[in-house]
Amino acid sequence: MATPTPALSALIRAARVIDPASGLDQINDVAVSDGSIQAIKPNLDLAGYDRVIDAEGMILSPGLIDPHVHLREPGQTHKEDIESGTRAAVAGGFTTVCCMPNTSPALDAPEMVEFVRSRAEQAGHCRVFSVAAATKGRKGERLAEIGLCLDAGAVAYSDDGDVVESASMMKSVLQAVKQTGKCFMQHCQELTLTNGAAMHAGTVSAKLGLKGWPREAEEIIIERDIRLNKAIGCHYHIQHMSSGNSVEIVARAQREGIPVTCEASPHHLLLTHEAIETHGTMAKMNPPLREQSDIDALKQGIADGIITILATDHAPHTNDEKRNTMSDAPFGIIGLESALGLYHKALVEPGVIGWPKLIELLTINPARLCGLDSMGLGSITVGGPADLTLIDPECSWTLKESDLMGKSQNTPFLGWNMGTRSVMTMVGGQIRTERAISSVV
Ligand SMILES: [Zn+2]
């Protein structure tokens, strides 16, 4: 059990405080004590704090929230565990992560949700909430213990890693999740179109002689689920959207008033299927990397407010596993330490969105998706929890293996230069990571 350290009293001085939930974007001091925010005002008295942090030139954001990570515990702790995954999270500026249920056994029962909660508390790095399985064992055959998992603290439901394949089961899932008031997160993959495929169906798969994974595999499931959900009205959320066409399908449903949201991941905004030729299995993702036209459409979807959430899909695998052939290697890459720099590169540097919008997509929007805003997460509010991320908005650093705090190093982004980074992560008033910031006291 980690020793509980007393909550710090701290003054973060002269930061650009961006809180999209309240519309605040102003130079301010933020005072923290007993785990919560005490004041947000310019020129607070510096006396009487354990720490005064000079944050001139820095952005102070609500603690970043990642609604889609794989922590691999229980069952695959050689890849990652709750301790190592949350250590990576705070290193990347995340104060809250929501973990997916594709563990072994699956997170499909209240005792599993309780297990994750207690392991996260022992680790003591950041907040962890469970996305519980929608079907027992994620097999798509019968409903999981959805109501009991809600009572145990599940914040959403998903069979991620797998799609809910049967339309009839999907209808039951949407009806059951609707009763909880939570959202269902779909991994959109039509299986008969993707069986044996390792990458996007296009010129590169043809050249390499690999079976291709068409965009329609994603689009068909989204279309089906939206149609099923029309009469049910469950909050339906699309995970890791990869196809540009999916944006238009979602936009249409949103215009009709059907409750649909979606997320994008760093790799789908920065890499195309051509990355397979240089990075091999390190660029093997589910859903796969697609084409520049898809990247452009996803970015436009973000600019237009159709895609409202960013999520890493942090998916650790060992180097040995990734050294397999394209067909045999597992899908996915890690993402927590590089996410902020990569989102900035994809979205802020080219002027798709500005800092306040980026922070909105990383804080209050995922908080609302998972109902965490009711706990005060995702915003900077007097009296609310002191979950804060201090960001250097103009720096230059290169992602190296030594920056990776989790157990696995599977990322094609090693060696990439980034122009922003979190410099301090505070969870419940306690500093969990800190790098190169000046302290007055
Ligand atoms: Zn998935």
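All values below come from the heavy atoms of this structure, side chains included, with hydrogens, waters and symmetry mates left out. Counting starts at 1 for both ligands and their atoms, following the listed order.
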Within the 2.8 Å cut-off the protein N, O or S neighbours of the Zn ion (ligand 1) are Asp160 OD1, His187 ND1, His240 NE2
Using a 4.5 Å cut-off on heavy atoms from C-beta on, say whether the side chain of Arg432 contacts that of Cys126. no
Heavy-atom nearest pair, Cys188 first then Tyr236, reads SG-OH, 3.7 Å
Please examine the side chains of Phe184 and Ile232, heavy atoms only from C-beta on, and report whether any two atoms are closer than 4.5 Å. no
Classify the ring geometry between His68 and His240 as parallel (under 30°), tilted (30 to 60°) or perpendicular (over 60°). tilted
Heavy-atom check, side chain of Lys182 versus side chain of His235, under 4.5 Å: no
Test side chain to side chain contact (heavy atoms under 4.5 Å, CB included) on Glu277 and Val204 and set out the steps. CA-CA 8 Å; Glu277 292 193 276; Val204 182; 3.7 Å; yes
